[in-house]
Number of protein chains: 2
Amino acid sequence: MKQITKYIIKNSLKRIFLYRACLSRLRMMGVEKVFSYTLAHETGVTSEQVRKDFSEFGIKGNKRGGYNTNELLEVMENIFHRNKEQNIVLIGMGNLGIALSKHGQFFQRNMNIVATFDIDPFKQKVRSNIPVYSLSRLKEIIDRFKVKVVILAVPEISAQEVADELIRLGIKGIVNFAPVLLKVPNDVIINNVNLCNELESVIYYVHKQIKADGSKNLEILYTGMKY
Amino acid sequence: MKQITKYIIKNSLKRIFLYRACLSRLRMMGVEKVFSYTLAHETGVTSEQVRKDFSEFGIKGNKRGGYNTNELLEVMENIFHRNKEQNIVLIGMGNLGIALSKHGQFFQRNMNIVATFDIDPFKQKVRSNIPVYSLSRLKEIIDRFKVKVVILAVPEISAQEVADELIRLGIKGIVNFAPVLLKVPNDVIINNVNLCNELESVIYYVHKQIKADGSKNLEILYTGMKY
DNA sequence: GAATTGATGTGAAACAAATCACAAAATATA
DNA sequence: TATATTTTGTGATTTGTTTCACATCAATTC
Ligand SMILES: NC(=O)c1ccc[n+]([C@@H]2O[C@H](COP(=O)([O-])OP(=O)(O)OC[C@H]3O[C@@H](n4cnc5c(N)ncnc54)[C@H](O)[C@@H]3O)[C@@H](O)[C@H]2O)c1
Ligand SMILES: NC(=O)c1ccc[n+]([C@@H]2O[C@H](COP(=O)([O-])OP(=O)(O)OC[C@H]3O[C@@H](n4cnc5c(N)ncnc54)[C@H](O)[C@@H]3O)[C@@H](O)[C@H]2O)c1
């Protein structure tokens with residue numbers, strides 16, 4: 001059994017997210033030009049790493065002149081398809097689903113939750129400004145809004161069957177909050193987010209008394225990676 | 001600037017979570033003995049990887065006999081300090097905080113949210129069965145319950161100041177949901193969970209049309225890692 | 001306009017992680 | 001009891017990622 005090998009490696013993708021967040025902040029502060037070491041310092045990586053990551057995504061700067069903040073952000077928005085809006089659907093309007101549906105940052109980042117779905121008729125009323133539908137309208141909405149990616153926030157027990165149906169309807173990517181390993185075809189991307197594990201990791205490392213060995217600005221360590 | 005190097009590597013830790021979830025399921029089904037290839041098959045990694053991971057955590061099996069399900073789970077519970085209850089505090093009872101506070105799995109996994117805090121007096125009433133306090137009682141609760149780890153679900157703008165205060169009060173680990181890189185001392189573990197990024201990663205990979213190249217059972221790929 | 005400075009960009013080297021290959025051990029079989 | 005079988009455990013190898021080192025170029029200074 002072989003694992004996926006060649007794609008833009010996950011670590012550098014994660015770091016690109018960091019750089020972008022940092023750049024947005026710098027732009028707001030009116031900074032027009034950044035250097036690899038600026039980003040490096042702000043994000044706790046090395047400047048070579050920043051440049052290597054950029055080179056992986058084909059991002060070029062100006063010798064001696066660093067990078068233009070606006071241009072750099074624009075390139076990144078293209079990488080992430082932020083130029084055109086992404087229509088997303090959310091399944092499961094329980095505790096977590098409601099919180100996610102109210103989260104404004106998805107929309108700010110051009111990811112538009114066009115509709116949510118729940119099996120429970122009691123949940124099928126409008127909360128905030130996103131409609132809650134019965135699953136019977138899933139196909140209609142997915143087709144109408146050309147939805148390719150969903151957020152799955154249903155109980156563990158239902159996750160697989162809902163995923164099967166979603167894939168049947170043409171969904172190609174799932175952010176899955178249920179603590180199960182979904183069985184899906186090879187061309188479907190699954191991103192499992194397991195918040196219990198995230199908390200438990202922290203407890204583990206706190207108990208282990210892990211120390212940052214003399215590094216001076218190591219702000220973040222462990223979401224998924226030590227990025 | 002040097003990155004952290006030697007600790008139980010994150011990838012194997014993540015996989016250990018997978019193995020454990022799988023083992024729990026197998027135990028419920030009455031399976032008493034497992035082999036590395038059983039776990040491997042269920043979790044989509046190789047059997048050598050399973051054994052290498054086990055060896056990293058000092059887990060031993062029986063030559064030819066595989067591993068005893070119960071013993072293995074017990075060893076893992078020790079690794080994760082599941083034998084004794086972990087007291088956790090949650091800061092920020094907004095949309096996300098409420099959802100998390102209602103999430104039963106933390107408690108099932110021995111992570112007990114003993115109290116939640118919010119700056120807004122309106123939020124300071126009991127929801128579900130976890131009390132919501134004013135921040136003035138933070139020290140009292142942290143001391144009383146010997147809390148070392150918190151979940152931080154406050155707005156981006158407040159995250160740093162709240163984190164500073166928490167660390168002053170002796171907190172050593174933070175699961176941070178705000179999209180900021182917290183500046184913290186080296187001995188504090190931060191786990192940044194950025195749900196926008198998780199969604200955006202999926203969109204990125206779906207657009208890239210990443211294919212699993214012929215691997216037959218590649219269920220999960222990308223939470224943080226390709227684990 | 002030549003020399004200097006300060007950045008990028010990238011092969012080479014070092015390091016880290018995953019896979020391979022097989023010895024060792026435990027059990028089953030004859 | 002000897003032999004075959006099955007599975008673990010781990011060095012050796014391969015593959016992947018980060019860091020190093022420096023050529024290259026653009027701007028600045030003399
Ligand atoms: N609440 C949290 O903070 C949290 C944290 C981590 C993980 N999770 C996970 O996220 C998932 C949702 O958690 P929750 O707390 O919101 O649970 P919940 O029970 O509050 O909500 C689940 C919702 O899904 C709906 N549902 C059930 N079956 C469905 C189906 N077949 N199709 C569509 N909708 C269906 C239910 O009606 C309900 O509204 C669970 O798998 C849980 O383990 C939740
Ligand atoms: N809602 C989501 O699904 C979601 C998803 C991803 C990330 N996040 C992030 O999680 C955080 C919380 O999100 P939310 O949607 O729950 O926001 P929210 O505004 O609904 O809740 C924030 C809560 O924090 C409280 N608060 C503010 N300042 C505080 C302080 N100094 N001390 C204590 N409490 C304070 C507020 O009173 C409020 O109740 C934000 O940083 C957000 O970006 C939320």
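Proteins get letters first, then strands, A, B, ... in listed order; numbering begins at 1 in each.
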What nucleic acid atoms does [X] come within less than 4.0 Å of, heavy atoms only: base, sugar-phosphate, or nothing?
X	result
B/Gln49	sugar-phosphate
B/Ser47	nothing
A/Phe54	nothing

Stepwise salt bridge (Lys or Arg N to Asp or Glu O under 4.0 Å) test for B/Glu165 and B/Arg168:
CA-CA 5 Å; B/Glu165 173 68 0; B/Arg168 215 180 55 75; 3.1 Å; yes
Looking only at the side chain of [X] (C-beta and beyond, no hydrogens), which of the listed nucleotides [options] gets closest?
X	options	answer
B/Ser55	C/dG9, D/dT10, C/dA18	D/dT10
A/Glu48	D/dT10, D/dC20, C/dA18	D/dC20
A/Tyr37	C/dA7, D/dT17, D/dG9	C/dA7

Rounded to the Å, how far apart are [X] [atom1] and [N] [atom2]?
X	N	atom1	atom2	value
A/Leu39	C/dT8	CG	C1'	13 Å
A/Asn11	C/dA16	CG	C1'	12 Å
A/His41	C/dA7	NE2	C1'	18 Å
A/Phe35	C/dG6	CZ	P	11 Å
A/Ile59	C/dT10	CD1	P	12 Å
B/Leu72	D/dG9	CG	P	10 Å
B/Asn68	D/dT8	CG	C1'	15 Å
A/Tyr67	C/dG9	OH	C1'	8 Å

[X] side-chain N/O to [Y] backbone N/O, donor-acceptor pair under 3.5 Å:
X	Y	result
A/Thr69	A/Val31	yes
B/Gln160	B/Lys183	yes
B/Glu161	B/Ala159	no
A/Asn191	B/Val202	no

I'd like to know whether CD of B/Glu74 has more than 12 heavy-atom contacts from other residues, nucleotides or ligands below 6.0 angstrom.
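No, because the 6.0 Å sphere around CD of B/Glu74 holds 12 heavy atoms or fewer from other groups.
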Are more than 12 heavy atoms from other residues, nucleotides or ligands located less than 6.0 Å from atom CD of B/Glu32?
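Not more than 12 within 6.0 Å, no.
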For DNA chain D, which residues of residues 20-33 of chain B approach it to below 4.0 angstrom with any heavy atom?
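Contacting residues: none.
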Do A/Glu200 and B/Arg20 pass the salt bridge (Lys or Arg N to Asp or Glu O under 4.0 Å) test, and can you show the C-alpha distance, the side-chain angles, and the key distance before you say yes or no?
CA-CA 13 Å; A/Glu200 214 164 339; B/Arg20 187 184 54 179; 2.7 Å; yes
OP1, OP2 of C/dA7 versus side-chain N and O of A/Arg51: anything below 4.0 Å?
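So the side chain of A/Arg51 is outside the cut-off, no N or O lying under 4.0 Å from OP1 or OP2 of C/dA7.
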Quick one: which of B/Ile113, B/Val114, B/Leu138, B/Leu166 gives a side chain to side chain contact (heavy atoms under 4.5 Å, CB included) with B/Val147?
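Considering B/Ile113, B/Val114, B/Leu138, B/Leu166, a side chain to side chain contact (heavy atoms under 4.5 Å, CB included) with B/Val147 is found only for B/Val114.
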One character per nucleotide, please: for nucleotides 23-30 of chain C, 5' to 3', B when the base has a protein heavy atom closer than 4.0 Å, S when only the sugar-phosphate does, - otherwise.
-BBBBS--
Closest non-hydrogen atom pair between B/Val206 and A/Lys172, with its separation
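Minimum heavy-atom separation between B/Val206 and A/Lys172: CG2-O, 3.4 Å.
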Indicate, yes or no, whether a donor-acceptor pair under 3.5 Å links the base of C/dT19 to the side chain of B/Lys52.
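Present.
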